[in-house]
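Values below: every heavy atom of this structure, side chains too, minus hydrogens, waters and symmetry copies.
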Amino acid sequence: MNDQAAPRLSVIVPTYREAANVPVLFERLGKALAGLAWEMIVVDDDSPDGTAEIASALAARDTRLRCVRRVNRRGLAGAVIEGALSSSAEFVAVIDGDLQHDESILPAMFAALDGGADLAVGTRVEGDAAERGLSPARQKLSEAGARFFRWISRVSVADPMSGFFMIRRRIVGGIAPKLSSDGFKILVDILLCAPPGLRIVETPYVFRKRQAGESKLSPLVAMDFLGLVVHHASWGVLPIRFVLFGAVGGLGLVIHLILLNALIATGALPDFRAAQLVATLAAMANNFLLNNEVTYRDYRYRRWSALGGFALFVIVCSVGVVVNIDIASWLFDFDHVWWVAGFAGALVGVVWNYAVSSTFVWRRRRRG
């Protein structure tokens, strides 16, 4: 058993399927933070690979490690918030459990906060091609997201989409009720919710390649980022999942119209009803796949179970189409303004589809 003083720093590690990485990260933190009173808090989303069990076994031998196993609660942002609120340390750091973040810069981040800063951000920089953890496409996406964030927020941070940072715990505690538990970009949320005058420093590091475990990110992370920004722009009125659901629906509408036009114009399906059916199914398939990977990633269907999920989604959306048409027709008969009727019908349809999809299609289910 390792006796130590009360920690000044809690390192929050949100995990899912990181059984192989937790012991390695704990050992690396011990070397990087030698001489500092610290603890590592693993917040695990009930991983089926035994991540929580491994972390708990380590915690039984060393008091510098604690494990919070979350049951029926999902999402990286929510795990970070719960981990930070479980800490009594002066500072909390957030680091991924996949070993891609460079833990050796934690002392520099700690020194910056101990010297008066409020937030230290681990800023990703390019290293040698052999050690680079971001693909060129992901690098460009990250840079574009950073530029957009600086434009809408007026907060000068080079890498706001970073998942590696350290902050004063009292700041997180003060804004916790405003933070969203959905999504990956918890730092963006903190920057948008934090009081003005936040003293920020940035510490560069080279983002490593993942060695084991399951990536929490996807190429569609830009949609998640957009949902978070719109959520804040609406003063929190629009939930992030609803924004993502609506964005996916808008893309599906574009796909529907393009395919419908192509089928009719090329003569592949000259019959309008047949072309409309094919275009509708294609749009629904697109919407299901994107919602499954982005909007409801924490409850997503995998492998063959996706077929049953898609069938249920088609049924739900078919009901939404009927609701859309009925509402729009009633309004048009009432005031004869087509665009008002069409917009209202579409809005009611989206709300209906979102509500029943959240309740029946992507209900809480154990991730495999």
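E27 is linked by a salt bridge (Lys or Arg N to Asp or Glu O under 4.0 Å) to K31, counting only residues two or more places apart in sequence or in another chain. The side chain to side chain contact (heavy atoms under 4.5 Å, CB included) test applied to L281 returns L277, not counting sequence neighbours. Applying the ring pair (Phe, Tyr, Trp, His ring centres under 6.0 Å) rule to F164 yields the partners H101, Y205; only residues at least two apart in sequence or on another chain are considered. Checked against side chain to side chain contact (heavy atoms under 4.5 Å, CB included), P107 has the following partners two or more places apart in sequence or in another chain: L33. Residues forming a side chain to side chain contact (heavy atoms under 4.5 Å, CB included) with N286 (at least two apart in sequence, or on another chain): L251, I255, L290. For the side-chain hydrogen bond (donor to acceptor under 3.5 Å, both in side chains) test, residues two or more places apart in sequence or in another chain that qualify with D114 are R8. Every residue meeting the ring pair (Phe, Tyr, Trp, His ring centres under 6.0 Å) condition with F245, not counting sequence neighbours, appears here in chain and number order: Y354. Under the side chain to side chain contact (heavy atoms under 4.5 Å, CB included) criterion, S86 pairs with I41, R66, not counting sequence neighbours.
Other cluster members for I258: V254, joined by side-chain heavy-atom distances under 4.5 Å among Ile, Leu, Val, Met, Phe, Trp and Tyr.
Applying the side-chain hydrogen bond (donor to acceptor under 3.5 Å, both in side chains) test to residues at least two apart or on different chains, the pairs with a partner in residues 165-179 are D118-R168. Applying the side-chain hydrogen bond (donor to acceptor under 3.5 Å, both in side chains) rule to pairs touching residues 243-262 yields H256-Q276, sequence neighbours excluded. Legend: ring pair (Phe, Tyr, Trp, His ring centres under 6.0 Å) pairs involving residues 54-78, not counting sequence neighbours: none detected.
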